[in-house]
Participant: 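Could you have a look at this structure, given as structure tokens, before my questions?
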Amino acid sequence: MMSDDLIDGFVLHSRPYRETSALVDIFSQQLGKVSVVAKGLRGKRNPKKSLLQLFQPLQFQLSGKSELKNLGHIEIAGKPYHFSGHVLFSAMYLNELLNRLLMKEFAYPEIYDIYVETLNQLSVREIEPLLREFELGLLQALGYGIDFTADWQHQEAIHAEHYYGFVHEHGWQKLDNNHQHANCFKGSDLIAIAELNWQSTSLAAAKKITRMALRPLLGDKPLKSRELFAPVVRTE
Amino acid sequence: MKFSPLIDGLISSLKVLPGVGAKSAQRMAFQLLERNREGALKLSEALHDAMQHVKHCQRCRTFTEQSICDICSNPKRQESGILCIVESPQDVIAIEQTAEFSGRYFVLMGHLSPIDGIGPSDLGLDKLLDILSKESVEEVILATNPTVEGEATAHYIAQMCKDNNVSATRIAHGVPVGGELEFIDGSTLTHAFSGRRQL
């Protein structure tokens, strides 16, 4: 890799390393997710400290051939996103999803665009539909896209009045009658999701569906950022 | 060259210290063996005692060998009705040195960081909820670090305070004393501008 090329990206996560350094996971447009060492980052007078924050568009210069790169020069590439409250928790949820699902050093230009677009809209649009669109876009770009318009088993279009069950990596399967279990969705909601027509029923269905589709990809460890949306309960 | 087992053991044990690698551990070991055995014995005793007895304060979670730390058991500090929330015991010491704050603390021992697997339940927030609902707290000062994670932690706790009808304030951030504006980074300056106040 050319060492003087600047790449665009965001910090997904950083954790302390040695006395004053940090290990930083970056999501970049050109290289996808990369791990870098930021030497002396946590030192007293390091000006990079305030730059290497989450949700700050940056340009990085990386060097090194191994999986762990060295962080060289960094520049601000735009205004930082200032989120607060639930919007901030949602943005952290995006980062956790990306950190868990993306392979290292594999460029995902589509996902990068979706990420930037979602950050742009987080403070303006309603959170729930935005998160669902992000999850659906992410699934699509990772090769697990869901076709909300067709019944996979019978090779026919989804019918608004029928009920369907979700089969991972395949899609929809018509159910004979309205089963009262978790994996049973009304055709009209599926059609609404395909049209990104968000109402309370289609949103609730989309939430269940994206969770079901993401679960096998995420493995057994639950997503921690989901806890941020729930209040603390007293243990005693 | 290989050292005798005891020396080897000492060197590898010293490497647990932050910032100490093989070379410095070796230097430390020989310095202690050659010149300061008395100090080294004291060190081993102090280490042993501290590791055996220091635990978390049952109220504020800071480190102490008592069940309730000195600050928490001071009745004057309880009267003030102010609770300051910080990320680490070092922050308590930094604030104590200013002698500006006379309330009590709550030490989170970290911040919310989902990717590291740290959620609300790992920061002792259930204990904080207990304090908010049982003790007479008038104000909660959120003194978490000015990072995105620190900010998220502050927001989360602010929401808890709101649910319990306790007022929550966030420490100001901006230009350091003696600093020069031209050398200050953009985001700190932005914060300083958005947090400006009437003179």
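Computed from a predicted structure; not experimentally measured. Naming: A, B, ... by sequence-line order, numbering from 1 per chain.
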Participant: Does His48(B) NE2 have over 12 foreign heavy atoms under 6.0 Å away?
Facilitator: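 Not more than 12 within 6.0 Å, no.
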Participant: Are the side chains of Asp122(B) and Lys224(A) in contact, using a 4.5 Å heavy-atom criterion?
Facilitator: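 With C-beta onward as the side chain, the pair touches.
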Participant: Nearest heavy-atom pair of Glu227(A) and Tyr156(B): which atoms, and what distance?
Facilitator: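 It is O-OH, 3.9 Å.
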Participant: So which part of Gln159(B) gets closer than 4.5 Å to some heavy atom of chain A, the side chain, the backbone, both or neither?
Facilitator: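 Answer is neither: Gln159(B) stays 4.5 Å or more from chain A.
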Participant: Could you tell me which portion of Tyr93(A) (side chain, backbone, both or neither) has an atom closer than 4.5 angstrom to a non-hydrogen atom of chain B?
Facilitator: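 For Tyr93(A), no heavy atom lies under 4.5 Å from chain B.
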Participant: Given heavy-atom pairs under 4.5 angstrom as the criterion, report whether the side chain, backbone, both or neither of Asp25(A) touches chain B.
Facilitator: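 Contact with chain B involves no heavy atom of Asp25(A) at all.
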Participant: For Ile115(B), run the side chain to side chain contact (heavy atoms under 4.5 Å, CB included) check against Leu98(A), Leu223(A), Asn99(A) and tell me which one passes.
Facilitator: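 Running side chain to side chain contact (heavy atoms under 4.5 Å, CB included) over Leu98(A), Leu223(A), Asn99(A) with Ile115(B) returns exactly one hit, Asn99(A).
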Participant: Looking at Glu110(A), I want to see if its CD is surrounded by more than 12 non-hydrogen atoms of other residues, nucleotides or ligands under 6.0 Å.
Facilitator: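 At most 12 heavy atoms, drawn from other residues, nucleotides or ligands, come within 6.0 Å of this atom.
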Participant: Say you draw a straight line from OG of Ser50(A) to NE2 of His173(B); how long is it, rounded to the nearest 0.5 Å?
Facilitator: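 It is 12.0 Å, given to the nearest 0.5 Å.
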Participant: Does Glu34(B) CD have over 12 foreign heavy atoms under 6.0 Å away?
Facilitator: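 Result for CD/Glu34(B): enclosed.
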Participant: For Ala91(A), is it the side chain, the backbone, both, or neither that has a heavy atom closer than 4.5 Å to a heavy atom of chain B?
Facilitator: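 It is neither, since no heavy atom gets under 4.5 Å.
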Participant: Between Pro18(B), Gly117(B), Gly119(B), which residue shows the highest count of heavy-atom pairs closer than 4.5 Å to chain A?
Facilitator: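 When all of Pro18(B), Gly117(B), Gly119(B) are compared, Gly117(B) has the most.
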Participant: Does Arg27(B) have more than 12 heavy atoms from other residues, nucleotides or ligands lying within 6.0 Å of its CZ?
Facilitator: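 It does not: Arg27(B) CZ has 12 such atoms or fewer within range.
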Participant: What is the minimum heavy-atom distance between Pro114(B) and Met92(A), and which atoms define it?
Facilitator: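 Looks like CD-CE, 3.7 Å.
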Participant: Tell me, side chain or backbone of Leu88(A) under 4.5 Å from chain B's heavy atoms, or both, or neither?
Facilitator: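 Side chain of Leu88(A) only, per the 4.5 Å heavy-atom cut-off to chain B.
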Participant: With a cut-off of 6.0 Å (strictly less than), are more than 12 heavy atoms of other residues, nucleotides or ligands near CZ of Arg18(A)?
Facilitator: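 At most 12 heavy atoms, drawn from other residues, nucleotides or ligands, come within 6.0 Å of this atom.
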Participant: Given that the side chain runs from C-beta out, which part of Arg15(A) has a heavy atom under 4.5 Å from chain B: side chain, backbone, both or neither?
Facilitator: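 Contact with chain B: side chain only.
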Participant: Checking His82(A) against chain B: side chain, backbone, both or neither under 4.5 Å from a heavy atom?
Facilitator: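 Just its side chain gets close to chain B.
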Participant: Determine whether more than 12 heavy atoms belonging to other residues, nucleotides or ligands lie under 6.0 Å from atom NZ of Lys49(A).
Facilitator: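 Buried by this count: over 12 neighbours within 6.0 Å.
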Participant: How close do Phe55(A) and Val148(B) get, heavy atom to heavy atom, and via which atoms?
Facilitator: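 Heavy-atom minimum between the residues: CE1-CG1, 3.7 Å.
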Participant: What I'd like to find out is whether the side chain of His13(A) reaches to under 4.5 Å of the side chain of Asp116(B), using heavy atoms alone.
Facilitator: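 Yes, at least one pair of side-chain atoms sits under 4.5 Å.
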Participant: Mind ranking Ala230(A), Pro222(A), Pro80(A), Ser84(A) by heavy-atom pairs under 4.5 Å with chain B and telling me who comes out on top?
Facilitator: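 Option with the greatest count: Ser84(A).
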